[in-house]
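Just so it is clear: chains get the letters A, B, ... in the order the sequence lines come, proteins before strands, and each one is counted from 1.
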Number of protein chains: 2
Amino acid sequence: MNELVKFEQYLRTHGQKMTRPRRIILKAFIETEGHLTTEDILREAKKVDPGIGQATVFRTIRLIADAGLAREALQDDGARKFEHLADHPHHDHLLCVGCGKIIEFLSPAIEKEQQKIFSQYAFLPRGHMMELLGLCPECQAKQKKGE
Amino acid sequence: MNELVKFEQYLRTHGQKMTRPRRIILKAFIETEGHLTTEDILREAKKVDPGIGQATVFRTIRLIADAGLAREALQDDGARKFEHLADHPHHDHLLCVGCGKIIEFLSPAIEKEQQKIFSQYAFLPRGHMMELLGLCPECQAKQKKGE
DNA sequence: TTGATAATGATAATCATTATCAATGAGGTA
DNA sequence: TACCTCATTGATAATGATTATCATTATCAA
């Protein structure tokens with residue numbers, strides 16, 4: 001669990017403390033794949049310590065994101081979602097608007113073009129969010145049947 | 001004002017009615033450039049008719065989006081933002097994380113690569129959201145001075 | 001061990017959005 | 001034109017996510 005070390009390091013260098021709730025929340029978050037709401041994370045964390053409050057989850061997930069161990073996923077609507085970056089190289093998302101399925105992909109060609117845009121406008125890159133929206137093969141089939 | 005016609009057509013074909021508030025809200029929205037919150041739109045609409053309620057703005061902006069005359073912009077956080085699509089060809093955004101400045105750009109190369117991703121996974125394209133985040137030249141300079 | 005200070009959890013507050021509902025308005029029909 | 005039906009409106013309450021507050025507790029360096 002390399003992430004715990006990274007998180008401790010981040011906290012120390014920012015004058016903050018490692019605590020039991022933070023450890024539990026980080027562990028629950030890292031060990032769960034996918035796009036999680038704070039509620040999801042709270043549910044997992046409560047399995048270890050039911051006393052953990054949701055306010056602490058909100059506070060901690062922000063720290064985890066600031067430490068570079070998580071990024072916010074695009075919210076379709078409603079609650080924010082986060083995904084961890086442990087053993088998880090950079091990628092973008094292909095989302096089915098029918099069933100909500102998420103496919104992760106990486107396009108080196110797109111990444112390269114994005115860099116071109118940054119330099120064209122003399123921006124210092126700080127990341128990007130990209131989500132492709134479409135209808136997956138299954139939902140296309142379902143839609144045809146329905147008609 | 002071609003958009004008014006399109007909107008009326010959309011409403012008629014969906015069993016809904018054109019009303020004075022809807023006309024005012026659409027006009028205010030189309031005539032204002034940029035990324036607008038419902039509050040922004042309400043402010044403009046109230047200049048024409050102070051009696052317009054915010055609930056109606058929420059309801060109407062959704063109709064406008066459904067009619068294909070607006071799209072939701074990526075929300076950094078907080079309130080949703082919308083931009084109209086009148087006289088406004090497709091584009092993506094380059095956002096400065098320092099000052100919030102938004103630059104619109106279009107990259108045919110990226111668009112083409114996105115189509116490749118769609119066909120690779122046999123998805124029926126329904127659009128995409130892309131936002132590049134970085135620090136603009138002005139904010140880079142400001143940051144250097146501050147140190 | 002102690003003491004300064006950050007963190008916690010419970011709860012209230014806030015903010016955007018949605019639901020409710022009585023009154024009004026639109027548009028088709030006689 | 002007058003009427004009738006039903007969608008729409010605006011005010012307000014309700015909801016849901018997130019943030020602020022605050023007394024109590026925990027952490028960690030000395």
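Taken from CZ in Arg23(A) to OG1 in Thr60(A), the straight-line distance is 12.0 Å, to the nearest 0.5 Å.
Close to dT8(D), at under 4.0 Å from its OP1 or OP2, lies a side-chain N or O of Arg22(B). Contact annotation: Arg23(B) does not reach the phosphate of dT9(D) (side-chain N/O to OP1 or OP2, under 4.0 Å). Contact annotation: Arg80(A) reaches the phosphate of dT18(D) (side-chain N/O to OP1 or OP2, under 4.0 Å).
A donor atom on one side chain and an acceptor atom on the other are not found under 3.5 Å apart for His84(A) and Glu31(A).
What separates CZ of Phe82(B) from P of dA16(C) is a distance of 13 Å, to the nearest Å. Protein atom CG of Asp49(B) is 10 Å distant from nucleotide atom P of dA11(D), rounded to whole Å. Computed from coordinates, the Lys17(B) NZ to dT24(C) P distance equals 16 Å when rounded to whole Å. Rounded to whole Å, atom P of dT18(C) lies 12 Å from atom CD1 of Ile61(B). Straight-line distance from the CZ atom of Arg20(A) to the P atom of dT27(D): 9 Å, rounded to whole Å. As rounded to whole Å, 11 Å separates atom C1' of dA6(C) from atom CG of Leu11(A). When rounded to the nearest whole Å, the span between CG of Leu63(A) and P of dT27(D) equals 16 Å. Rounded to an integer number of Å, the gap from CD of Glu39(A) to C1' of dA17(D) is 10 Å.
Taking a 6.0 Å sphere around CD of Gln16(B), one finds it holds more than 12 heavy atoms contributed by other residues, nucleotides or ligands.
Comparing dT18(D), dT8(D), dT18(C) against the side chain of Phe58(B) picks out dT18(C) as the nearest. Considering only the side chain of Ala79(B), dA16(C) comes nearest among dT8(C), dT5(C), dA16(C). Checking dT9(D), dT8(C), dG27(C) against the side-chain heavy atoms of Arg59(B) singles out dT9(D) as nearest.
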Full working for ring pair (Phe, Tyr, Trp, His ring centres under 6.0 Å) between His90(B) and His128(B):
CA-CA 10 Å; His90(B) 169 66; His128(B) 71 258; 4.9 Å; yes
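Across the interface with DNA chain C, nearest-nucleotide mapping of Ala55(B) and Thr19(B) shows Ala55(B) to be the residue nearer the 5′ end. The residue among Gln16(B) and Lys46(B) whose nearest nucleotide of DNA chain D lies closer to the 5′ end is Gln16(B).
Here Glu72(A) does not pair with Lys81(A) in a salt bridge; the nearest charged N to carboxylate O distance is not below 4.0 Å.
Note on ring orientation: taking the six-membered ring where Trp is involved, the planes of Phe82(A) and Phe29(A) are perpendicular (angle over 60°, cut-offs 30° and 60°).
Counting non-hydrogen atoms under 4.0 angstrom, Thr38(A) reaches the backbone sugars and phosphates but no base. As judged by a 4.0 angstrom heavy-atom cut-off over every strand, Arg62(A) is placed among residues touching the sugar-phosphate backbone only.
Remark: dA29(D) base-pairs with dT2(C); criterion is Watson-Crick or G-U wobble with both hydrogen-bond distances under 3.5 Å. With a cut-off of 3.5 Å on both Watson-Crick or G-U wobble distances, the partner of dT21(D) is given as dA10(C).
For Arg12(B) and dG27(C), a side-chain-to-base donor-acceptor distance below 3.5 Å is absent, hydrogens and geometry of angles not being considered.
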